[in-house]
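In what follows, a single structure is set out as structure tokens and then discussed.
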Amino acid sequence: MKSLSTIINPSRFSKYFKKEMRENRKQLLSRSLIMIAILCAFSLITGLGESSTYNRYEEFLINHPNSTVDDAKNSLYELYMHEPFTYNDEASANCLSIFVFGFPIALIICASCMFESMSTKQKKIATLMAPATQFEKYLTRFFTYIILPIFIYIAGCLIAESLRFIIFSIFYPTGDIIRFMDYSDTIKDMLIKDNMLFHTIVLYLLSFIAEASIYALGSSIWPRLALLKTFAAQCIISFIGIVTLMIAAISGAVEKSAKTIGAIAQNLSLDIEFTTFMWLLHISLLIFISINFTIAYFRFKESEIIQRM
């Protein structure tokens with residue numbers, strides 16, 4: 001049995017990780033800046049979309065110096081609402097939605113670049129000849145293209161929201177019209193207030209990490225243009241699956257299977273609660289993610305044998 005030091009050595013791994021970060025710093029930095037710039041652009045565009053609303057609030061507050069922004073909202077929308085309500089900066093809420101839906105896209109793009117160092121002959125030779133084990137090389141790419149982008153994306157969201165808040169606070173200084181997104185309260189409410197919402201958030205994260213694991217696996221198979229090739233492969237597999245289901249539905253196989261499964265479940269008295277079902281779904285996704293990343297590792301490890309034959 002091989003000793004642990006032959007698979008991963010902390011000192012050797014740290015040196016290799018620093019080497020990769022130093023050699024690819026320009027590429028990684030430029031991609032990070034592009035990601036942050038896109039987030040900032042969406043944040044500012046969202047703020048501009050609310051500028052007419054901000055103008056109405058500011059005009060009301062100027063004409064009623066002793067009023068608050070809550071008073072302004074209740075006065076401006078008294079025709080539509082019969083109960084008083086608290087002011088909320090819609091731009092910050094819209095930005096949160098954009099950040100949430102943009103996260104999986106960013107993670108998938110990063111995952112598809114995981115094995116781009118194997119895309120050309122020169123890069124393959126440089127990667128294979130590097131003084132580190134294949135597991136250390138794989139772990140370096142996992143941290144660089146899966147873990148690190150998550151933190152960069154979170155930092156980009158904070159920068160984008162801060163930029164929107166500062167710029168629009170300069171143009172609309174009256175009252176408390178522009179508000180910064182309260183991430184802490186939002187996350188606290190989502191995780192603690194509603195158990196179902198907690199499972200929804202976990203399912204959201206695991207689903208897109210699973211999707212990223214598919215693109216990481218695709219990158220190990222097709223290092224060049226992995227994003228397009230993996231997407232095309234997904235489309236083909238999905239099309240085949242849909243056609244198969246349609247044929248099965250026409251032939252009545254789906255209905256028969258559903259009745260059979262229902263009868264078995266009734267005989268076994270299966271009564272799975274929602275929480276239990278969600279935990280089983282989370283575990284299934286974790287297993288799926290682990291399998292994809294494990295296959296990607298062995299595919300990457302296999303390349304060492306192929307290239308040296």
Query raised in the report: Between S32 and I152, what is the shortest heavy-atom contact and its length?
Result: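 Scanning both residues, the minimum pair turns out to be OG-CD1, 3.4 Å.
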Query raised in the report: Where do Y145 and E116 come nearest, in terms of heavy atoms and distance?
Result: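 Smallest interatomic distance, heavy atoms only, reads OH-OE2, 3.1 Å.
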Any donor-acceptor pair under 3.5 Å from [X] side chain to [Y] backbone:
X	Y	answer
Y138	A296	no
R25	R22	yes
S213	A210	yes
S112	I109	yes
T144	T140	yes
N9	R12	yes
S219	A216	no
S14	P10	yes
E161	C95	no

Query - Residue pair L48 / F168, side-chain heavy-atom distance below 4.5 Å - result: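 Yes. Closest side-chain heavy atoms under 4.5 Å.
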Query raised in the report: Is there a side-chain contact between Y204 and F103 (heavy atoms, below 4.5 Å)?
Result: yes
Report task. May I ask you to decide whether K19 forms a salt bridge with E136, counting only side-chain N to carboxylate O separations under 4.0 Å? Result -> no
Requested in this report: State whether the number of non-hydrogen atoms from other residues, nucleotides or ligands found under 6.0 Å of F13 atom CZ is greater than 12.
Outcome: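 Buried by this count: over 12 neighbours within 6.0 Å.
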Requested in this report: If you link ILVMFWY side chains whenever their heavy atoms are less than 4.5 Å apart, which other residues fall into the same cluster as Y16? By chain and number, please.
Outcome: none
